Number of protein chains: 2
Amino acid sequence: MNDEPRWLTDREQRAWQAYRRMFLLLNAQLARDLSRDSGLSEPDYDVLSSLASSPDHRRRVSELAARMLWSRSRLSHHLGRMEQRGLVAREECATDGRGAVVTLTDEGQQTIEKAAPLHVESVRRYFVDLLTSEQIDVFAEIGEHVVDHLKRSGDSGRS
Amino acid sequence: MNDEPRWLTDREQRAWQAYRRMFLLLNAQLARDLSRDSGLSEPDYDVLSSLASSPDHRRRVSELAARMLWSRSRLSHHLGRMEQRGLVAREECATDGRGAVVTLTDEGQQTIEKAAPLHVESVRRYFVDLLTSEQIDVFAEIGEHVVDHLKRSGDSGRS
DNA sequence: GCGTACTAGGTGACATGTCAATCATCTGGT
DNA sequence: ACCAGATGATTGACATGTCACCTAGTACGC
């Protein structure tokens with residue numbers, strides 16, 4: 001079982017390196033833009049935009065975490081920080097005494113509405129607009145395939 | 001200049017979402033594997049493998065940062081932590097009084113040699129082996145194109 | 001209607017990353 | 001030779017993310 005390791009070929013290596021580097025730089029650039037333009041971090045933006053697209057601008061904490069693929073703990077910490085800043089609010093859940101519901105405050109709503117167009121512009125400038133529409137589709141397929149595989153192998157077992 | 005925002009089309013949205021989600025899950029999975037198998041974080045692995053492939057297993061701090069696309073500050077903090085654990089060592093630079101040289105310790109060397117095959121196996125299992133060779137190449141092209149664009153726009157100016 | 005197991009959510013300690021500031025050294029022009 | 005500014009590296013304060021653990025509430029078999 002433990003023979004010679006299957007090292008990456010040159011082409012595989014190239015793709016893997018490119019991916020890591022792209023993420024590093026792209027992420028840093030988008031974070032800088034977002035912070036400069038809207039005073040938000042990327043996680044802030046993700047939470048706000050996820051809430052904004054939820055029915056009635058509210059969502060159970062676990063549900064939100066599941067949609068975002070975040071751990072509950074991460075979300076809980078982050079909601080605490082955003083609550084301090086007045087971007088979101090927490091309420092008790094009527095139907096489940098353990099539960100909590102997060103809602104978008106007015107300020108949160110205004111913030112995301114101002115931030116979204118600028119953020120989309122950054123995403124276009126540094127990523128989407130650089131790709132052909134074929135590349136866009138290939139990219140989506142790859143991403144979804146990898147995500148599916150990870151979700152399945154995470155749910156069941158190890159292989 | 002500030003007309004109607006150019007929102008992402010459905011297909012663009014799909015690709016962007018897939019990318020973000022892929023990174024989130026893939027990264028978490030690789031980090032878990034690496035930590036379980038070798039007691040390393042991903043940044044640890046990157047530093048060790050970058051040093052291991054350097055001439056004489058040594059490198060000026062700035063040079064290392066530039067190759068890894070890390071900020072000096074990030075690298076400096078991380079080297080501090082890795083030095084504590086005995087994975088790397090710092091020396092003064094002979095030719096530049098300000099400079100420092102990082103080297104791989106024996107333990108660092110052994111650690112990366114044990115970790116590499118296992119890590120490659122994870123990268124294959126959760127990413128590389130899921131892609132066709134056409135997809136691998138498209139991916140590399142996209143990544144490199146995006147990185148080039150970011151580097152160029154970072155060097156010169158804003159647009 | 002009770003006890004056990006599960007679930008929702010939160011916390012604390014800690015590892016990591018960022019930004020701005022600091023300090024020493026180097027370098028180029030005069 | 002000297003000074004102004006650039007550069008190499010580190011640091012401190014702070015924001016973020018992870019893991020393990022805790023608490024309260026729910027669900028379900030008996």
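Every chain is numbered from 1 and lettered A, B, ... according to where its sequence line falls, protein lines coming before strand lines. Keep in mind the model is a prediction, meaning the values are calculated, not measured.
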Taking only Lys NZ, Arg NE, NH1 and NH2, and the carboxylate oxygens of Asp or Glu, determine whether [X] and [Y] approach each other closer than 4.0 Å.
{"X": "A:Arg125", "Y": "A:Asp33", "answer": "no"}
{"X": "A:Arg6", "Y": "B:Asp129", "answer": "yes"}
{"X": "B:Glu144", "Y": "A:Arg21", "answer": "no"}
{"X": "B:Glu42", "Y": "A:Arg20", "answer": "yes"}

(message) Test of understanding: clusters of I, L, V, M, F, W, Y form through side-chain heavy atoms closer than 4.5 Å, transitively. Do A:Tyr19 and B:Leu131 belong to the same one?
(response)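 Looking at the clustering, B:Leu131 is in the same group as A:Tyr19.
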(message) If hydrophobic clusters are built by linking Ile, Leu, Val, Met, Phe, Trp and Tyr wherever their side-chain heavy atoms come under 4.5 Å apart, do B:Phe139 and A:Val146 end up in the same one?
(response)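 Yes; A:Val146 is reachable from B:Phe139 via cluster members.
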d([atom1], [X]; [atom2], [N]) in whole Å:
{"X": "B:Arg90", "N": "D:dT10", "atom1": "CZ", "atom2": "C1'", "value": "8 Å"}
{"X": "B:His77", "N": "C:dT18", "atom1": "NE2", "atom2": "C1'", "value": "8 Å"}
{"X": "B:Arg36", "N": "D:dC19", "atom1": "CZ", "atom2": "C1'", "value": "16 Å"}
{"X": "B:Leu25", "N": "D:dG17", "atom1": "CG", "atom2": "P", "value": "15 Å"}
{"X": "A:Leu75", "N": "C:dT11", "atom1": "CG", "atom2": "P", "value": "13 Å"}
{"X": "B:Arg32", "N": "D:dT18", "atom1": "CZ", "atom2": "P", "value": "9 Å"}
{"X": "A:Arg85", "N": "D:dT16", "atom1": "CZ", "atom2": "P", "value": "6 Å"}
{"X": "B:Leu79", "N": "D:dT10", "atom1": "CG", "atom2": "C1'", "value": "11 Å"}

(message) With no hydrogens and no angle check, just 3.5 Å: does a side-chain donor-acceptor pair link B:Arg81 and B:His78?
(response)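 There is such a pair between these side chains.
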(message) Pairing donors with acceptors under 3.5 angstrom, does anything connect the side chains of A:Ser62 and A:Arg72?
(response)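 Present: a donor and an acceptor within the cut-off.
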(message) Contact list please: residues 63-70 of chain A against DNA chain C, heavy atoms, distance less than 4.0 Å, in numerical order.
(response)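 Listed by number, there are none.
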(message) Which residues in residues 40-60 of chain A have a heavy atom closer than 4.0 Å to any atom of DNA chain C?
(response)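 Those residues are A:Arg60.
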What nitrogen or oxygen pairs link the protein and nucleotides 26-28 of chain D at under 3.5 Å?
{"unit_1": "D:dT26", "atom_1": "OP1", "unit_2": "A:Gly97", "atom_2": "N", "d": "2.8"}

(request) Identify, with sequence neighbours excluded, every residue that meets side chain to side chain contact (heavy atoms under 4.5 Å, CB included) alongside A:Ala66. (result)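 None.
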(request) Name the nucleic acid region contacted by A:Ser76, choosing base, sugar-phosphate or nothing; use a 4.0 angstrom heavy-atom cut-off, strictly under. (result)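 Answer is base: heavy atoms of A:Ser76 come under 4.0 Å of a base.
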(request) Would you indicate which nucleotide in D:dG12, D:dG17, C:dG10 comes nearest to any side-chain atom of A:Arg81? (result)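 In terms of side-chain proximity for A:Arg81, the closest of D:dG12, D:dG17, C:dG10 is D:dG17.
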(request) Note the angle between the end axes of the helix from C:dG1-D:dC30 to C:dT30-D:dA1, five pairs defining each, rounded to 10 degrees. (result)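 Its terminal axes enclose an angle near 20°.
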(message) Return whichever of A:Ser73 or A:Ala28 has its heavy-atom-nearest nucleotide of DNA chain C closer to the 5' end.
(response)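 Nearer the 5' end of the strand: A:Ser73.
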Using atom types as modelled and distance alone, determine if a side-chain donor or acceptor of [X] lies under 3.5 Å from a backbone N or O of [Y].
{"X": "B:Arg58", "Y": "B:Leu104", "result": "no"}
{"X": "A:Arg59", "Y": "A:Ala65", "result": "no"}
{"X": "A:Thr111", "Y": "A:Glu107", "result": "yes"}
{"X": "A:His57", "Y": "A:Ala52", "result": "yes"}

(message) Within this structure, what is the CE-CZ distance for the pair A:Met68 and A:Arg74, rounded to the nearest 0.5 Å?
(response)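 Result: 7.0 Å between the selected atoms.
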(request) Look at atom CZ of A:Arg67 and say whether more than 12 heavy atoms of other residues, nucleotides or ligands are closer to it than 6.0 Å. (result)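 Atom CZ in A:Arg67 is not packed in, count stays at 12 or less.
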Enumerate the protein-to-nucleotides 21-23 of chain D contacts in which both atoms are nitrogen or oxygen and the separation is below 3.5 Å.
none

(message) Within the structure provided, determine whether B:Trp70 and B:Leu64 are in side-chain contact (heavy-atom separation under 4.5 Å).
(response)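 Side chain of B:Trp70 against side chain of B:Leu64, heavy atoms only: no contact under 4.5 Å found.
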